[in-house]
Amino acid sequence: MPTKKLSEVHYLLPDRGKVVGTDRIIINQNSTTDDATLKVSTLLAEADSRAQAKADEALAKAKAADPVYQKVALGHYMNYVYSRGQTDDTLTVLSSKIWIYQHTDRNQFMRFKQWGATNDTEQTYYSQVMLPNAWTGGNGLLRYDIYSRLDAFELREQNSTATEVVMVTPIFTTGGTRTCSLSAATSAKAGVMTAADKTLLSGLGKYLNPDPDNLTTLDALNAALDAMGPDTAQGTHLIKCWGIPLSVTLVVLNVSDKVLMQTITGSLTTTAEATALATINAPGHYTTLVRYYQGGKWGKWGRN
């Protein structure tokens, strides 16, 4: 069957001619029907319609294929992403809302909206991953209850004995307390002072720090005796001089006239005028001396 180009057709065609392409028609020249003819324009219109349909179909396919998947980290508006399998080489996109959410049990989660969801913090279309707490096997967040125990930390002494000090400290992870004992010091190691050590050390105080009442001169002793007067408490007063204890008694004989009596007992001697003590440890002179306070001054010492 012969074919002719459309550009070459310039006469009436039999009715059995047909279009087979955009620029060619097949003409059956053996047709004997003289009155069923087609104009070239009719065939051309049919050819144009079919060609337009194919062109529209091709354009639609081209438009659908315009976007290409993103192959690198930096993409553009004509890129798209899709799941590429369960490998470490998959591409990801994080362009949505990301926030920290705290559950009622105080555990915290990192949440992020899924692809295409509204970019807000509503609890719809989201994924989440729990942020782990710290423990003995790994790093993590500090739990609120452990923080509270740290904030209220208190190290205290409790139930100590005569030979050890017991310290109490909180257990941060589980609550409660634990104890720690500080043992006594020995000649081989450091430690705490025991009750016995304290008693012994206190006994050394009088040798390390002399008693201010332990007078070291006769002048100081006589001055202390003379200082007693109406304002001094009645009764027995113990005075030491060179470590020798002396018993001094003060008695008020007349309150209105302020008459007092002072006595002192020991191995004593007085000065020649008997106005002061001369010795307080004189062998063979054990005695009790007495004197009186009248008119605002002390009189002479005499033997009782």
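The structure displayed is predicted, hence computed values, not measured ones.
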Do D197 and T194 have side-chain atoms, one donor and one acceptor, less than 3.5 Å apart?
yes
CG of L277 to CG of L289, rounded to nearest 0.5 Å, is 6.5 Å
Side-chain ion pair, K113 and D120, N-O less than 4.0 Å
yes
Same apolar cluster (I L V M F W Y, side chains within < 4.5 Å links), I100/L141:
yes
Could you go step by step and tell me if T163 and V192 meet the side-chain contact (heavy atoms from CB on, under 4.5 Å) rule?
CA-CA 8 Å; T163 57; V192 298; over 6 Å; no
What orientation do Y293 and W298 show, parallel under 30°, tilted 30 to 60°, or perpendicular over 60°?
perpendicular
Answer with yes or no whether the hydrophobic clustering places I98 together with M130; edges join I, L, V, M, F, W, Y residues whose side-chain heavy atoms lie under 4.5 Å apart.
no
Say whether S160 and E157, considering side chains only, have a donor N or O and an acceptor N or O under 3.5 Å apart.
yes
Can you confirm whether the side chains of S183 and K189 place a donor and an acceptor under 3.5 Å from each other?
yes
Using a 4.5 Å cut-off on heavy atoms from C-beta on, say whether the side chain of T118 contacts that of E122.
no
Would you say the side chain of M193 lies within less than 4.5 Å of the side chain of L201, judging by non-hydrogen atoms?
yes
Could you measure the distance from the CE atom of M110 to the OH atom of Y101? Nearest 0.5 Å is fine.
16.0 Å
Output, in order, the C-alpha distance, side-chain angles, deciding distance and verdict of side-chain contact (heavy atoms from CB on, under 4.5 Å) for M228 and I239.
CA-CA 12 Å; M228 292 183 178; I239 300 178; 3.9 Å; yes
Have T265 and T288 got a donor and an acceptor in their side chains that come within less than 3.5 Å?
yes
Nearest heavy-atom contact between W301 and T275 is CD1-C, 4.0 Å
Nearest 0.5 Å, what's the CG-CG distance between L150 and L142?
6.5 Å
Sorted by chain and residue number, the ring pair (Phe, Tyr, Trp, His ring centres under 6.0 Å) partners of Y126 (sequence neighbours excluded) come out as none
Any side-chain heavy-atom pair from Q158 and V166 closer than 4.5 angstrom?
no
How long is the straight-line distance from CE of M167 back to OG1 of T177, given to the nearest 0.5 Å?
12.5 Å
What one should report as the nearest heavy-atom pair of A185 and G191 is CB-N, 3.4 Å
Mind checking whether L268 and I244 sit in one hydrophobic cluster, side chains of I, L, V, M, F, W, Y counted as touching below 4.5 Å?
yes
Looking only at the side chains, is there a donor atom on one of T287 and R303 sitting less than 3.5 Å from an acceptor on the other?
yes
Donor-acceptor check, side chain of T199 to backbone of A195, threshold 3.5 angstrom: yes or no?
yes
Salt-bridge test for D226 and R291: reply yes if a basic N is under 4.0 Å from a carboxylate O, no otherwise.
yes
Under a 4.5 Å side-chain heavy-atom rule over Ile, Leu, Val, Met, Phe, Trp and Tyr, are Y292 and I264 clustered together?
no
Please give me the minimum heavy-atom distance between S181 and E164, naming the atom from each residue.
CB-OE1, 3.6 Å
side-chain contact (heavy atoms from CB on, under 4.5 Å) for L218 and W242? Distances and angles first, verdict last.
CA-CA 9 Å; L218 281 174; W242 293 308; 3.8 Å; yes
Side chains of R143 and R106 in contact at under 4.5 Å (non-hydrogen atoms):
no
Please test Q108 against H103 for side-chain contact (heavy atoms from CB on, under 4.5 Å), starting from the C-alpha separation and ending with a verdict.
CA-CA 6 Å; Q108 292 188 331; H103 195 259; over 6 Å; no
Atom pairs and distances, side-chain donor-acceptor, residues 245-255, under 3.5 Å, sequence neighbours left out:
unit_1	atom_1	unit_2	atom_2	d
N254	OD1	S256	N	3.1
N254	OD1	S256	OG	2.8
N254	OD1	D257	N	2.8

Spacing of CD belonging to Q262 relative to NE2 belonging to H237, to within rounding of 0.5 Å
9.0 Å
When rounded to the nearest 0.5 Å, the distance separating OG1 of T232 from CG of L260 is 8.0 Å
Would you please name every residue forming a side chain to side chain donor-acceptor pair (under 3.5 Å) with T269, sequence neighbours left out?
T279
Mind checking whether W135 and V129 sit in one hydrophobic cluster, side chains of I, L, V, M, F, W, Y counted as touching below 4.5 Å?
no
